[in-house]
Amino acid sequence: FWLKPYWCKEVSPQRSQIIHLQMANVPVSDLSKEQQDELLCTYAALVLHDDGADVTAQGMANLIKAAGCSVEAYWPMLMTKMINNVGMDALIKMGGGGG
């Protein structure tokens with residue numbers, strides 16, 4: 001499941017070695033339930049968007065359930081409302097700043 005690993009391994013195309021990337025500053029297990037639910041919905045929305053599917057509350061809920069997880073029922077609806085108001089591409093660009 002895509003939330004459980006704290007470290008990801010990725011092969012660098014420039015080098016023939018494996019590099020370790022930290023997904024977040026803290027392990028998912030250290031996040032509050034609300035933070036985990038938000039992260040699950042964010043990943044579900046990104047998966048749906050990347051697949052070219054409509055990002056809907058039901059689609060997010062189905063994907064989260066298929067991953068063996070659950071979120072409070074309001075999270076997919078809240079995220080979908082934000083995505084519809086702001087736009088998925090705009091939200092993705094907002095998170096692309098350096099830092």
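We number each residue from 1, following the sequence as shown.
The heavy-atom pair separating K33 from S70 by the smallest distance is NZ-O, 3.1 Å. P76 and A57 get closest at one heavy-atom pair: CB-O, 3.6 Å. The heavy-atom pair separating E34 from W75 by the smallest distance is O-CZ2, 3.6 Å. Annotation for I92 and H49: closest pair CD1-CD2, 3.7 Å, computed over non-hydrogen atoms.
When the shell of 6.0 Å around CG of D54 is examined, it contains 12 or fewer heavy atoms from other residues, nucleotides or ligands.
Separating the CG atom in L48 from the CE atom in M60 is a distance of 7.5 Å, to the nearest 0.5 Å. Distance check: M79 CE to L40 CG gives 10.0 Å after rounding to the nearest 0.5 Å. To the nearest 0.5 Å, the span separating CD on Q36 from CD on E72 amounts to 12.0 Å. The distance from atom SG of C41 to atom CG of L46, rounded to the nearest 0.5 Å, is 11.0 Å. The line from CG of D50 to CE of M88 is 9.0 Å long, rounded to the nearest 0.5 Å.
Under 4.0 Å is where a charged nitrogen must lie from a carboxylate oxygen, and between K93 and D89 no such pair does.
Between the side chain of D37 and the backbone N or O of V71 there is no donor-acceptor pair closer than 3.5 Å. A donor-acceptor contact shorter than 3.5 Å links the side chain of N85 to the backbone of K81.
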